[in-house]
Amino acid sequence: MADETGANGATPGGAALPPMRFGWLDEELPAGPWPSALRGRLCDAMKNLGWAAVHAGEFAPLEHLYRDFAAIFPRLLVDRDDVDRAADLYTLLHIMLWRRTQILSELTVFNADVVRPFVDYLARHFPRKAPPASDRRVPRIAYLSETSDLFGANAVARITVSLMLGQHELRDEAERPILYCINRPAPELWAFAEAFGLHIRDMARETPSRTAEAIMAQLAADGIDVLIADSNCAVATMVLQRRPVPVQAFHENGFATWAIPELDLAFMGITRPSPELFAPGVEMVRTPRNTAFVFQRIERPEASIAAVRGVLCAESGVATPSVVYGVYGRMAKITADYMAQVEAILLRDPRAIFFAGGTGRISPIMDRKRASPAGDRMVIYNDFIDGHVIGECIDVFLDSFPFPGGMSCIEVQARGVPVVWMAPPPGSEQMIIGDQRDPKLKAHDADQYVELALQAADPAAWTAFGETAIGIARRFGDMREQAELVEAHLAAAWARARRDGKMAA
């Protein structure tokens with residue numbers, strides 16, 4: 001666990017910090033406090049080394065460097081002017097931990113390692129202010145989102161926009177939520193906003209601190225009463241720690257760990273509620289994590305689909321596959337155990353092929369491909385993959401375990417592709433997958449996983465499984481029910497804020 005330092009670089013108890021040495025540094029770091037120039041050089045070195053490890057994706061370097069960086073991080077939080085470097089390192093540590101995580105409980109260390117030192121630092125230099133008073137019966141809402149690309153690899157923006165579209169059905173046009181984009185919105189988001197009447201704000205500025213200041217100024221200008229962050233990112237932490245609005249909420253998307261003091265409400269769509277996730281007093285409520293049907297099945301040119309099909313056949317050496325099994329998404333989810341089951345499936349059907357595509361660590365996949373007698377029929381693509389193209393090429397989706405897929409499973413089911421999935425272990429943090437999967441394709445062990453994959457690919461059963469898949473996607477593509485649930489929780493939180501006097505007089 002990382003040490004927490006005071007404003008002068010010493011521990012909270014006042015004891016001097018010892019020197020530090022790390023294998024990736026050529027010099028021993030002196031006892032603290034460290035001068036600004038040294039803090040700057042360290043930050044630059046950590047970012048260069050850390051981002052290289054993130055892009056390589058291998059777990060061992062990510063684990064080693066994350067522990068070293070987490071030990072250093074609190075000692076870099078000294079002066080007010082350190083804030084942008086601190087935000088950059090917060091972001092790096094966040095991604096380093098996420099990229100190597102296969103079980104959600106592993107993410108809880110982020111609170112002690114990064115969140116608490118960062119919010120303590122912010123509290124010293126950027127004190128909170130009482131939010132402005134409001135007597136509105138219906139609170140004015142804004143979402144704060146780090147992802148600003150509706151059609152990229154990260155599904156969070158699609159999930160947030162889907163919820164906003166559901167709220168459009170419940171609110172007058174003047175009371176519709178506003179989307180505050182921490183990063184510059186992609187052109188596709190602007191076009192979508194115009195087509196669907198979505199209110200968005202481009203809040204991207206030159207640095208994290210300027211972005212945070214711009215967001216707070218815009219919140220005041222828009223008269224926002226409720227702010228909902230969809231990410232526990234650095235800028236969101238910087239904004240919420242200042243308490244610019246009476247009600248502050250978090251719509252979690254898998255990385256739920258966020259023990260900031262100024263949080264009132266957490267919408268739990270994936271992670272099981274736990275006191276380890278948040279600061280005391282945060283209300284955790286269960287809401288679905290759905291995506292509007294408009295995002296589930298986006299048409300792609302037939303020529304692109306045909307080209308990918310041709311590549312799959314050519315690279316596998318199977319001109320007419322009996323079935324194409326596949327998975328796409330974050331490759332850190334793919335384990336050696338998962339690949340062992342893929343091999344077992346392919347050995348049972350010599351004309352079946354398997355595709356895996358996405359970014360991140362692929363060593364377990366490549367190790368199995370090289371060693372397996374069915375390795376030639378494993379086609380691996382280590383880059384972002386357009387799910388709306390590959391979803392037209394997969395016949396049966398083999399969901400990853402123990403960390404299951406999210407948006408990818410809904411996208412393929414919207415195309416009538418059955419999803420074979422593994423039951424999560426008892427007490428697992430994963431709450432969502434049972435609701436968004438076919439219970440008839442739920443495996444309880446490796447052998448059953450293989451048998452269900454073969455059953456789902458059987459032409460006599462595939463059509464019925466596909467119809468069930470489409471029904472699941474359509475059910476979760478209707479956002480009104482989720483929007484009503486979220487609105488009810490927000491109304492209750494807004495009533496408490498007005499009753500308890502959480503606003504300036």
Side-chain angles (χ1 to χ4, degrees), residues 1-13 17 32-33 39 43 46 66 69-98 107-131 144 146 180 182 207-213 215-216 219 227-252 255-266 271 274-284 502:
M1 184 179 296
D3 296 326
E4 296 184 12
T5 61
N8 64 354
T11 58
L17 290 168
R39 298 197 303 274
C43 181
M46 291 163 69
Y66 175 85
F69 291 3
I72 293 173
F73 180 66
R75 299 177 67 167
L76 301 176
L77 310 179
V78 180
D79 299 327
R80 182 184 174 94
D81 291 343
D82 291 330
V83 64
D84 288 316
R85 290 194 301 233
D88 288 345
L89 289 179
Y90 180 113
T91 301
L92 174 60
L93 286 160
H94 187 283
I95 294 176
M96 291 174 74
L97 183 59
W98 179 247
L107 298 172
T108 57
V109 299
F110 194 67
N111 274 333
D113 292 342
V114 181
V115 174
R116 291 193 182 100
F118 190 50
V119 297
D120 288 346
Y121 161 79
L122 293 173
R124 293 195 299 269
H125 295 291
F126 304 90
R128 72 183 294 278
K129 298 180 180 179
L144 183 59
E146 187 180 29
Y180 283 48
I182 293 173
T207 63
S209 60
R210 290 185 180 180
T211 298
E213 292 295 337
I215 290 168
M216 288 185 287
L219 290 169
L227 181 61
I228 307 171
D230 66 12
S231 166
N232 56 347
C233 66
V235 169
T237 304
M238 295 162 71
V239 171
L240 269 67
Q241 178 61 20
R242 300 289 298 275
R243 179 61 78 166
V245 301
V247 176
Q248 303 192 148
F250 178 35
H251 191 234
E252 69 97 7
F255 199 145
T257 305
W258 204 20
I260 61 172
E262 301 297 335
L263 188 66
D264 305 306
L265 183 63
T271 309
S274 168
E276 296 179 322
L277 298 174
F278 305 111
V282 175
E283 182 186 9
M284 292 174 272
K502 284 191 174 182

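No experiment lies behind these values; they were computed from the predicted model shown.
Going from atom CZ of F69 over to atom CG of L76 covers 10.5 Å, rounded to the nearest 0.5 Å. Here the CE atom belonging to M216 is positioned 10.5 Å from the OG1 atom belonging to T211, to the nearest 0.5 angstrom. A distance of 8.0 Å separates CZ of F73 from CE of M46, quoted to the nearest 0.5 Å. Considering CG of D264 and CD1 of I228, their distance stands at 11.5 Å, rounded to 0.5 Å. Note that CG of L122 and CD of E262 are 11.0 Å apart. Values are rounded to the nearest 0.5 Å.
The closest side-chain heavy-atom distance from F126 to Q241 is not below 4.5 Å. Residues F250 and L240 are not in side-chain contact: their nearest non-hydrogen atoms beyond the backbone lie 4.5 Å or more apart. Looking at heavy atoms from C-beta onward, D88 lies in side-chain contact with P208 at the 4.5 angstrom threshold. Side-chain contact check for D113 versus L93: every heavy-atom pair is 4.5 Å or farther apart.
The two residues P117 and L77 come nearest to each other via the heavy atoms O-CD1, 3.5 Å. Closest approach of A236 to A229, counting heavy atoms only: CB-CB, 4.2 Å. Closest heavy-atom contact between C233 and I182: SG-CD1, 3.7 Å. Closest approach of E252 and T271 over heavy atoms only: OE2-N, 2.7 Å. A pairwise comparison of heavy atoms in A259 and V115 identifies N-CG1, 3.8 Å as the closest pair.
Partners of D82 by side-chain contact (heavy atoms from CB on, under 4.5 Å), not counting sequence neighbours, listed by chain and number: R39, V78, D79, R85, Y121. Remark: R80 engages no residue in a salt bridge (charged side-chain N to carboxylate O under 4.0 Å, His left out) (not counting sequence neighbours). Residues meeting the side-chain contact (heavy atoms from CB on, under 4.5 Å) test with S209, sequence neighbours left out: V83, D84, T207, M238. Residues that satisfy the ring-ring contact (aromatic ring centres under 6.0 Å, His included) test with F118, not counting sequence neighbours, are Y90. Take Q248 and apply the side-chain hydrogen bond (donor to acceptor under 3.5 Å, both in side chains) test, not counting sequence neighbours, and it matches no residue. Annotation: ring-ring contact (aromatic ring centres under 6.0 Å, His included) contacts of F255 (sequence neighbours excluded): H94, W98, F110.
When atom types are taken as modelled, the side chain of N232 and the backbone of T237 share no donor-acceptor pair closer than 3.5 angstrom. In this structure, the side chain of R116 does not engage the main chain of V119 through any donor-acceptor pair within 3.5 Å. In this structure, the side chain of T257 engages the main chain of L107 through a donor-acceptor pair within 3.5 Å.
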(request) Would you please test V239 and L219 for side-chain contact (heavy atoms from CB on, under 4.5 Å) and show each step? (result) CA-CA 10 Å; V239 171; L219 290 169; 4.2 Å; yes
